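First comes the structure, then the notes that go with it.
Just so we're clear, the structure is a prediction, and the values are computed from it rather than from any experiment. Note on naming: letters A, B, ... go to the chains in the order of the sequence lines (proteins, then strands), and numbering restarts at 1 for each one.
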Protein chains: 2
Amino acid sequence: MARRINTAAIDGIIGYRLRRAQMAVFNRFSKAFADVGITPTEYSLLALVRDNPGLRPSQVAAALGVQRANFVALAVRLEARTLIERRSAVDDGRSHVLFLTAAGAELTQTLQIMQDSFEASLVAELGGAEQRERLLRLLTKLG
Amino acid sequence: MARRINTAAIDGIIGYRLRRAQMAVFNRFSKAFADVGITPTEYSLLALVRDNPGLRPSQVAAALGVQRANFVALAVRLEARTLIERRSAVDDGRSHVLFLTAAGAELTQTLQIMQDSFEASLVAELGGAEQRERLLRLLTKLG
DNA sequence: TATTGTTATACTCTATAACTATA
DNA sequence: TATAGTTATAGAGTATAACAATA
């Protein structure tokens with residue numbers, strides 16, 4: 001029942017190809033990080049808080065490109081795992097400030113190593129660091 | 001309340017950047033196609049059936065990268081709008097074959113023009129056709 | 001009035017298992 | 001037994017509106 005399918009019309013669509021590539025990379029990330037139970041967005045959040053201790057939720061949400069409202073569940077999940085900590089902001093009674101816990105810092109260090117390794121495998125597929133820079137530069141123009 | 005945020009840790013992550021670029025492109029597609037009420041996946045489906053009349057649902061689903069189960073609602077939606085038609089396959093009682101209706105063919109022609117224009121705007125942002133080819137080639141390596 | 005975190009809600013996308021009818 | 005379409009379901013992701021506390 002095999003049949004040659006003409007996919008020319010969709011092969012050239014940038015949005016479609018972005019979706020396919022993103023799905024593929026995301027699925028591979030999920031497998032690589034299944035043991036630690038961390039999603040790509042969760043890792044990004046941890047790395048962001050690590051590099052910017054005391055950041056406010058709305059700032060992290062904006063930096064990650066997720067809605068404030070949707071950030072809540074994400075933060076609650078990581079706080080329940082005692083990986084991050086939310087304290088009241090001293091200068092603004094409405095706001096919070098985020099920090100990694102000791103456990104969060106330790107896990108993030110491990111995740112960083114895993115991520116570096118994962119990223120290296122992608123770079124190898126792309127054909128080297130220059131190709132990766134080229135890809136990132138092109139993606140930036142679309143964002 | 002502005003604060004300089006260090007996003008170095010996530011700016012270099014291919015998967016993260018893919019997600020951001022894909023979100024940006026899809027949002028812009030949605031706006032551009034809001035009047036006709038067609039999503040990116042729906043357009044891909046229509047173009048695929050147009051170029052491969054008589055294709056079976058499972059083949060279209062596989063070509064688009066969606067699960068067979070999730071393809072059903074998609075096909076039902078387009079059939080309810082009388083854009084596609086599902087007929088029983090003569091050689092296999094289990095299977096169907098897909099075709100565009102006259103209305104579907106007409107709409108797809110309009111969509112093709114809109115899509116070409118939309119794609120051209122993306123290519124312009126990328127910096128030309130060579131850059132687009134470069135991007136697609138890199139994305140293929142990840143898929 | 002405006003903003004921050006939050007709740008509630010809805011809609012989409014995706015994945016998996018299981019059913020039915022055919023093969 | 002295997003496959004095609006389908007149903008059901010659950011889990012994420014995303015978007016919008018609205019609220020309480022605070023600015």
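For B:Arg77, no side-chain nitrogen or oxygen approaches OP1 or OP2 of C:dT12 to under 4.0 Å. Residue A:Arg68 places no side-chain N or O under 4.0 Å from the OP1 or OP2 atom of D:dC19. Neither OP1 nor OP2 of D:dT3 sits under 4.0 Å from any side-chain N or O of B:Ser95. In this structure, A:Gln67 reaches the D:dA15 phosphate: one of its side-chain N or O atoms is under 4.0 Å from OP1 or OP2. At least one side-chain nitrogen or oxygen of A:Arg19 sits closer than 4.0 Å to the OP1 or OP2 atom of C:dT14. In this model, the phosphate group of D:dA12 is not approached by any side-chain N or O of A:Thr39 to a distance below 4.0 Å at OP1 or OP2.
Separating the CD atom of B:Gln22 from the C1' atom of C:dT14 is a distance of 13 Å, rounded to the nearest angstrom. Atoms CG (A:Leu64) and C1' (D:dG13) sit 14 Å apart, rounded to a whole Å. Distance CE (B:Met23) to P (D:dG13): 12 Å, rounded to an integer number of Å. For A:Phe26 and C:dT14, the CZ to C1' distance is 10 Å, given to the nearest whole Å. Distance B:Leu74 CG to D:dT6 C1': 15 Å, rounded to the nearest Å. For B:Ile38 and C:dT12, the CD1 to P distance is 13 Å, given to the nearest whole Å.
Counting non-hydrogen atoms of neighbouring residues, nucleotides and ligands closer than 6.0 angstrom, the CD atom of B:Glu106 reaches no more than 12 such neighbours.
Of the charged side-chain nitrogens involved, none lies within less than 4.0 Å of a carboxylate oxygen, so that B:Glu125 and B:Arg132 do not count as a salt-bridged pair.
Proximity note for B:Ser58 (side chain, C-beta onward) versus C:dA17, C:dT14, D:dG5: the nearest is D:dG5. The side chain of A:Arg56 lies closest to C:dG5 when the candidates are C:dG5, D:dT14, D:dA8.
Among the protein residues, B:Ala89 comes within range of no part of the nucleic acid, since none of its heavy atoms lies under 4.0 Å from any strand.
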Atom pairs, protein N/O to nucleotides 21-23 of chain D N/O, distance under 3.5 Å:
residue : atom : partner : partner atom : Å
D:dT22  : O3'  : A:Gly93 : N            : 3.3
D:dA23  : OP1  : A:Gly93 : N            : 2.8

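Taking the six-membered ring where the residue is Trp, A:Phe118 and A:Phe29 present perpendicular rings, their angle passing 60° and hence far from 30°.
For A:Arg19 and B:Phe26, the positive end is not near the middle of the six-membered ring at less than 6.0 Å and at most 45° from its axis.
Each of A:Arg86 and B:Asn70 lies near DNA chain C, and the nucleotide nearest A:Arg86 is the one positioned closer to the 5' end. Each of A:Thr41 and B:Val72 has a nearest nucleotide on DNA chain D; the 5'-most of these lies closest to B:Val72. DNA chain C is contacted by both A:Pro57 and A:Asn27; A:Pro57 maps to the nucleotide lying nearer its 5′ end (nearest heavy atom per residue).
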Would you list the atom pairs, donor with acceptor, under 3.5 Å between side chains in residues 63-78 of chain B and any protein atom, with sequence neighbours excluded?
residue : atom : partner : partner atom : Å
B:Arg77 : NH1  : B:Glu42 : OE2          : 2.5

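A:Leu139 pairs in a side chain to side chain contact (heavy atoms under 4.5 Å, CB included) with only one of the listed residues (B:Ile14, B:Leu126, B:Leu135, B:Val25), which is B:Leu135.
Side chain to side chain, B:Gln109 and B:Arg50 fail the donor-acceptor criterion of an N or O pair below 3.5 Å.
Cluster annotation: B:Leu138 and B:Val123 are assigned to the same hydrophobic cluster (Ile/Leu/Val/Met/Phe/Trp/Tyr, side-chain heavy-atom contacts under 4.5 Å, transitive).
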